[in-house]
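Notes follow the structure.
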Amino acid sequence: MKRNKKHSIEVVIDRIVVKEGISARLADSLESALRLAEGNVIVDVMGEEELLFSEHHACPICGFSIGELEPRMFSFNSPFGACPSCDGLGTKLEVDEDLIIPNWDLSLRNHAIAPWEPSSSQYYPQLLEAVANHYGIDLDVPVKDIPKSFMDKILYGSGEDQIYFRYENDFGQVRESYLQFEGVIGNVERRYRETSSDYIREQMEKYMAQQPCPTCKGHRLKRESLAVKVNDLHVGEVTQFSIQEANEFFQGLSLSEKDMQIARLILREIDERLGFLVNVGLDYLTLSRSAGTLSGGEAQRIRLATQIGSRHTIVHFR
């Protein structure tokens, strides 16, 4: 046995022939195995397959774990459920290539790179010229005619390539160095993230747009929450449905008797709420629709459906 190699030791707890009356013995054997192996057990169906089980909320193979399921895990307004990358917003402010280069008919010399237009300093125009010289890019041709491989170097950086950069400031002082070029997009991202100046942040935001969060794909929830599925759909996918489609989805759920006992009260509440929204004529809205995009009439009907769903009593005085 090699010392530095990770080994596993398996202990046989019991051998059982499946037949009537073995449930108590099987339960005792499984409890012993789980206790000895810290919550893991292998059931070897002789001549067929090995079944691996774990009493922890974790995959025994890849290690992915999940805590005990509770309602706050499925709310993007709660830190226990929100995607950690976008804080439950579903979108992130990302640099937009079309805002970096608003006019692809311009050349690099004619300031096609909008955030690097010369202002008080010639640093960025000179840096751009150094990168163009390194890769043999013509500064005077429209950027739409520059090969994509070269434009990728300008926008996304030189990688491991070292760029010779000679910078001369307005006072005639010269500084020479070799550097790994971070790219225009990387530069805008870094300046936005690291600056303490509100002015710089506002300037950088001009070249950024809201994009779906790459971690949660716009579903707002952390991956543990999205790993929980009903009929192969997680809650984020269900909220992409219109109210009518969601109503049909829940009414058409096929659950086992045990699962139906667990879900009965929840499904009744969902059916009632969706039914109220359908009845007030909002069946075309999607559940993920942002409140800020609703019209006044839609918002009013949602409030009405909420009040009906809460079983409020309306008293009329004469």
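Atom set for the values below is all heavy atoms of this structure, side chains included, hydrogens, waters and symmetry mates excluded.
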Donor-acceptor pair, [X] side chain versus [Y] backbone, under 3.5 Å?
X: Lys217; Y: Pro212; result: no
X: Gln126; Y: Glu168; result: yes
X: Arg109; Y: Leu139; result: no
X: Asn247; Y: Ile243; result: no
X: Gln240; Y: Glu237; result: no
X: Asn231; Y: Leu233; result: no
X: Thr239; Y: Gly236; result: yes

Can you confirm whether [X] sits close enough to [Y] that some side-chain heavy atom of one is under 4.5 Å from a side-chain heavy atom of the other?
X: Asp161; Y: Phe181; result: no
X: Leu277; Y: Leu285; result: no
X: Gln180; Y: Glu160; result: yes
X: Arg223; Y: Thr215; result: no
X: Cys216; Y: Leu221; result: no
X: Tyr207; Y: Ile185; result: no
X: Ile154; Y: Leu128; result: yes
X: Ile101; Y: Met151; result: yes

Measure the spacing between [atom1] of [X] and [atom2] of [Y] and express it to the nearest 0.5 Å.
X: Glu224; Y: Leu69; atom1: CD; atom2: CG; result: 11.0 Å
X: Ser295; Y: Arg301; atom1: OG; atom2: CZ; result: 6.5 Å
X: Arg72; Y: Asn77; atom1: CZ; atom2: CG; result: 14.0 Å
X: Asp14; Y: Asp28; atom1: CG; atom2: CG; result: 9.5 Å
X: Leu93; Y: Met204; atom1: CG; atom2: CE; result: 12.0 Å
X: Leu179; Y: Ser158; atom1: CG; atom2: OG; result: 7.5 Å

Fill in the blank from the handout: When Arg289, Glu298, Glu245 are each screened for side chain to side chain donor-acceptor pair (under 3.5 Å) with Tyr284, the one that passes is Glu298

Practice task
For the pair Glu94 and Glu189, evaluate side chain to side chain contact (heavy atoms under 4.5 Å, CB included) and give the outcome as yes or no after the intermediate values.
Solution key: CA-CA 8 Å; Glu94 302 281 352; Glu189 287 177 342; 3.9 Å; yes

Kindly work out whether a path of hydrophobic side-chain contacts (I/L/V/M/F/W/Y, heavy atoms less than 4.5 Å apart) joins [X] to [Y].
X: Val238; Y: Ile262; answer: no
X: Ile137; Y: Leu106; answer: no
X: Val45; Y: Leu26; answer: yes
X: Val184; Y: Met208; answer: yes
X: Leu30; Y: Ile16; answer: yes

Practice task
Evaluate side chain to side chain contact (heavy atoms under 4.5 Å, CB included) for Asp259 paired with Leu253, printing each intermediate quantity in order.
Solution key: CA-CA 11 Å; Asp259 290 342; Leu253 274 182; over 6 Å; no

What are the two closest heavy atoms between [X] and [Y], and how far apart are they?
X: Ile200; Y: Arg191; answer: CG2-O, 4.3 Å
X: Asp105; Y: Pro142; answer: O-CB, 3.4 Å
X: Leu99; Y: Lys206; answer: CD1-O, 3.6 Å
X: Ile302; Y: Leu294; answer: CD1-CD1, 3.5 Å
X: His134; Y: Gln162; answer: CE1-O, 3.4 Å
X: Leu89; Y: Arg220; answer: O-NE, 3.5 Å

Completion exercise
Under a side-chain separation threshold of 4.5 Å, the hydrophobic residues clustered together with Tyr164 are Tyr178

Exercise for the section: Apply side chain to side chain contact (heavy atoms under 4.5 Å, CB included) to the pair Val43 and Glu50, showing each step before the final yes or no. Expected result: CA-CA 6 Å; Val43 176; Glu50 287 188 350; over 6 Å; no

Practice task
Could you label the plane-to-plane angle of the Tyr135 and Phe150 rings as parallel, tilted or perpendicular, counting under 30° as parallel and over 60° as perpendicular?
Solution key: tilted

Exercise for the section: Quick one: do Glu205 and Arg201 satisfy salt bridge (Lys or Arg N to Asp or Glu O under 4.0 Å)? Show the steps, please. Expected result: CA-CA 6 Å; Glu205 282 183 359; Arg201 187 172 291 108; 5.7 Å; no

Handout entry: Test side chain to side chain contact (heavy atoms under 4.5 Å, CB included) applied to Tyr156 and Glu97, step by step
Key = CA-CA 10 Å; Tyr156 299 101; Glu97 191 174 298; 2.9 Å; yes

Problem - Flag if over 12 foreign heavy atoms under 6.0 Å of CZ, Arg264 - result: no

Problem - Residue Glu248 excluded, over 12 heavy atoms near CD under 6.0 Å - result: yes

Fill in the blank from the handout: For Tyr124, the ring pair (Phe, Tyr, Trp, His ring centres under 6.0 Å) test, sequence neighbours excluded, returns Trp116

